[in-house]
Amino acid sequence: MAETRDIQFRDVAGQAAEAAQALAPANDAGEVELQGEKMVLNMGPSHPATHGVLRIVLELDGEIITKAVPEVGYLHRGDEKIAENMTYTQFIPYTDRLDYLAPLANNVAYALAVEKLLGIDKELTPRCRFIRVICVELARISSHLLGVGCYAMDVGAMTVFLHTFTEREKIHNLCESLSGARFTTSYTRIGGLSRDMPPGWMEACRQFLKEVVVNIDETETLLTRNRIFVDRTQGVGVISREDAIDYGLSGPNLRGSGVEHDLRKAQPYLVYDQLDFEVPVGSTGDSYDRYLVRIEEMRQSVRIVHQCLDKMPGGPINVADGKVVLPPKDRVLTRMEELIHHFLNVTQGINVPPGQIYFGHENPKGELGFYINSRGGGTPYRLKIRSPSFVNLSILQRLLPGHMMSDTVAILGSFDFVMGECDR
Amino acid sequence: MRAQQLAQQLKARFGDLLSEPAEFRGELTMQVVDPEKIADICRMAKEELKFDYLVDITSIDNYGEDPRFSVVYHLYGYEHRAYLRLQLSVSEETCQVPTVTTVWKTADWHEREIYDMMGIRFAGHPDLRRILMWEGYPHHPLRKDFPVTGKSTSVPGIAFTEAAPLAGGPFITVAGGKDAMAREPRGRLPETDSTESKGPSQQPLSTGH
Amino acid sequence: MKTKTEIGYDSRIEGDVICTRLDAALNWFRKNSLWPMPMGLACCAIELMGTGASRYDISRFGAEVMRFSPRQSDVMIVAGTVTYKMALVVKRIYDQMAEPKYVIAMGACASTGGMYRSYSVLQGIDHLLPVDVYVAGCPPRPEALLDALMRLQRKVAKEPVIATLKKVA
């Protein structure tokens with residue numbers, strides 16, 4: 001683990017005020033006049049750097065931000081209310097559209113949450129677990145590729161974006177042959193997966209892993225020691241360790257500030273305890289560190305997928321419980337019991353016991369949690385989505401003041417948030 | 001188990017203010033008897049028991065029960081890696097809970113969201129405004145007596161809403177309904193008296209099977 | 001009176017001259033440089049980015065110049081769920097676009113509200129804006145968006161330009 005050191009919060013506003021005081025002539029009363037009046041600038045909700053529909057109302061003193069008020073909710077679609085009105089299985093497609101840069105990871109997180117409530121999380125088949133890990137890690141690579149690509153575009157390097165999107169399209173192809181949809185996958189089911197890997201998929205995946213490593217290296221060549229990129233990101237948007245914890249950050253944004261917290265290590269689920277990987281941690285907590293953490297996480301994800309492909313066990317992908325997973329179609333058409341299970345499962349949904357659980361999943365953006373309050377039956381009584389982007393963005397009002405106006409873009413990009421998940 | 005020990009320490013400190021920790025699927029839930037003390041309990045949990053990470057705050061509308069609302073806090077500690085859930089009840093008349101923004105800054109947006117979605121106010125919150133819906137929106141959407149399709153509203157120049165057409169879906173089957181309309185209502189109806197419901201023969205979905 | 005001006009066929013400039021109607025020529029310019037205003041609201045915006053990126057390369061159709069300023073763009077691609085909170089913002093941006101302007105409703109949400117039949121989602125952007133092309137899909141594949149763009153090009157090609165100009169004057 002990298003050594004964590006205390007950092008001094010870069011107080012640009014204070015420096016600027018001091019400089020202004022030094023320059024400004026004192027008036028008769030001996031008071032120093034600060035020149036200029038504050039300007040309010042509205043950024044968003046339609047702005048290329050806000051990655052969607054975030055709106056920030058900035059109060060500027062010259063080019064220095066003195067106050068920032070983030071406004072979210074422009075993509076509030078009512079997912080939690082909708083969830084109360086449908087069965088657990090019907091809600092899976094809505095999870096795709098939470099963090100739409102990594103639909104596979106959301107699917108897995110949601111399925112694991114419902115399985116925890118059902119109490120069948122220990123019964124998942126080994127093959128299902130390994131495939132799910134591959135899904136999550138592919139989603140992580142995909143999300144970080146886009147995050148890094150767009151970040152580079154925001155700070156002025158268009159090439160990287162085109163470069164990383166080439167690899168993303170390959171992941172889309174893998175998703176398409178795996179789940180049938182290139183983008184909104186809806187791949188998991190409660191208790192298993194919608195289908196097994198198609199023949200030849202593992203080889204295609206290995207081929208992709210070979211190519212993506214080259215692409216990550218090239219991206220690093222373009223950015224990591226790029227003078228412009230380093231100047232725009234290093235020392236910008238520094239989040240201290242204490243602030244990161246106090247504001248409940250998670251994912252790469254938390255780890256960039258030197259907190260070694262990764263739910264894959266802290267609360268191992270699926271087969272993460274059998275896999276060998278490392279959790280990268282930043283040292284200063286600036287935008288550059290968050291970028292470095294993402295790059296390294298992609299490399300670790302590649303490692304994880306390699307190990308999963310090597311260890312991939314055979315066997316079924318679904319749990320053997322007909323009350324949870326739809327029985328095979330040929331048996332539904334020929335046997336009474338399976339027909340009844342199928343009918344109840346489709347019409348009433350899975351019969352879930354009363355109770356409440358919280359399951360936190362290490363998504364590419366951070367901790368995606370599902371809190372499910374059930375009163376029995378096929379629909380959740382209350383389903384709360386603890387979305388990482390929502391929590392991560394709440395630090396903006398603390399972080400932005402004191403920075404230059406143009407740093408806003410660099411800071412927002414380094415947060416790599418998704419509004420679909422933030423507003424739900 | 002570490003979480004159990006920590007919960008007992010908390011219980012030992014606050015005594016009757018907290019219920020015995022109940023375990024379900026390996027998670028501990030403690031009921032907070034007096035909502036007014038939630039900030040003190042949270043501060044103690046954070047400062048002495050190292051629950052330094054407030055994962056989430058959420059709320060539940062137990063429509064038709066008294067007290068009507070529950071507020072749920074999820075706590076986590078980076079060192080001992082244990083989760084703890086604190087739960088408290090608020091009646092519809094009070095509808096107010098002390099803020100925990102003084103303990104964790106991250107509570108700020110969570111509490112604003114609860115205020116927006118459920119209408120529970122947080123006493124002492126620095127900036128209690130709507131967060132997901134817009135200022136001037138008259139309803140609290142996650143309450144059970146609010147329909148998923150929404151109601152029509154208008155704030156001129158800012159936003160407007162109309163009730164969404166729900167032709168055909170979402171479909172939910174309720175076992176044991178007397179006729180087809182009762183067995184398969186078109187979505188869960190707002191849990192209010194029948195004068196407000198739209199369909200003539202639709203029944204509110206029973207929640208227990 | 002004798003003039004030296006040559007009219008009609010000139011062999012020296014053969015191959016560089018096309019005879020066409022002014023309408024057709026203007027429309028040809030227009031339809032091959034439709035600059036989109038990417039109204040990226042939700043998931044569809046990522047597929048819109050995918051369409052603009054390396055594999056699908058929307059610049060083959062002259063529409064790669066994504067302008068985030070409404071005053072510089074011709075076609076607004078509404079990509080994603082339009083919530084009521086966002087609706088009037090979209091409308092305002094549309095109002096700022098210069099004529100002639102077109103709208104592509106990309107995906108189920110922008111077209112009809114899609115799977116979000118809920119209290120906060122506008123059930124189709126056509127409640128507010130005149131939509132020229134609807135694209136099905138959740139989200140549509142990049143090919144589908146390119147198809148929509150080509151359909152829009154065909155529509156633009158048929159528009160009477162001169163007649164409308166006279167009407168306005």
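Labels below follow one simple rule: chain letters A, B, ... track the order of the sequence lines, proteins then strands, and each chain is numbered from 1.
B:Ser70 does not touch chain A: none of its heavy atoms, backbone or side chain, sits under 4.5 Å away. For chain B, the nearby parts of A:Val72 are the backbone and the side chain; heavy atoms of each come within less than 4.5 Å. Contact annotation for B:Arg130: neither backbone nor side-chain heavy atoms come within less than 4.5 Å of a heavy atom of chain A. Contacts of A:Leu263 with chain B are made by side-chain atoms alone, with heavy-atom separations under 4.5 Å and no backbone atom involved. Only the backbone of A:Lys265 comes within less than 4.5 Å of a heavy atom of chain B; no side-chain atom from C-beta onward does. Only the side chain of A:Leu254 comes within less than 4.5 Å of a heavy atom in chain B; its backbone stays farther off. Looking at B:Asp52, both its backbone and its side chain come within 4.5 Å of chain A, counting heavy atoms on both sides. If you measure heavy-atom distances from B:Val103 to chain A, the contacts under 4.5 Å come from the backbone alone. Proximity to chain B involves both the backbone and the side chain of A:Tyr247, based on heavy atoms less than 4.5 angstrom apart. Of the two parts of A:Asp246, the backbone and the side chain both hold a non-hydrogen atom closer than 4.5 Å to a non-hydrogen atom of chain B. Looking at A:Gln356, both its backbone and its side chain come within 4.5 Å of chain B, counting heavy atoms on both sides. Proximity to chain B is absent for every atom of A:Val352, based on heavy atoms less than 4.5 angstrom apart.
Chain B forms more heavy-atom pairs under 4.5 Å with one residue of A:Ile395, A:Asp121, A:Leu393, A:Leu249 than with any other, namely A:Leu393. No other option in A:Gly360, A:Ser250, A:Pro70, A:Cys422 has as many heavy-atom pairs under 4.5 Å with chain B as A:Pro70.
A donor-acceptor pair under 3.5 Å is absent between the side-chain atoms of B:Glu113 and the main chain of B:Leu132, judged by distance alone.
You'll find the ring centres of A:Phe91 and A:Tyr88 outside the 6.0 Å limit. Between B:His140 and B:Phe69, the gap from one ring centroid to the other reaches at least 6.0 Å. Residues A:Tyr371 and A:Tyr358 place their aromatic rings such that the two centres sit no closer than 6.0 Å.
A salt bridge links A:Asp262 and A:Arg264; the closest N-O separation between the charged side-chain nitrogens and carboxylate oxygens is under 4.0 Å. Between A:Glu80 and A:Arg382 there is a salt bridge, since at least one side-chain N of the basic residue sits less than 4.0 Å from a carboxylate O of the acidic one.
Between B:Tyr78 and B:Tyr53, the ring planes are parallel. Angles under 30° get that label, and only those over 60° would be called perpendicular. Taking the six-membered ring for Trp and thresholds of 30 and 60 degrees, A:His361 and A:Tyr269 have ring planes inclined between 30 and 60 degrees apart.
Shown are B:Asn62, B:Thr94, B:Asp61; of these, the side-chain hydrogen bond (donor to acceptor under 3.5 Å, both in side chains) with B:Arg68 is made only by B:Asp61.
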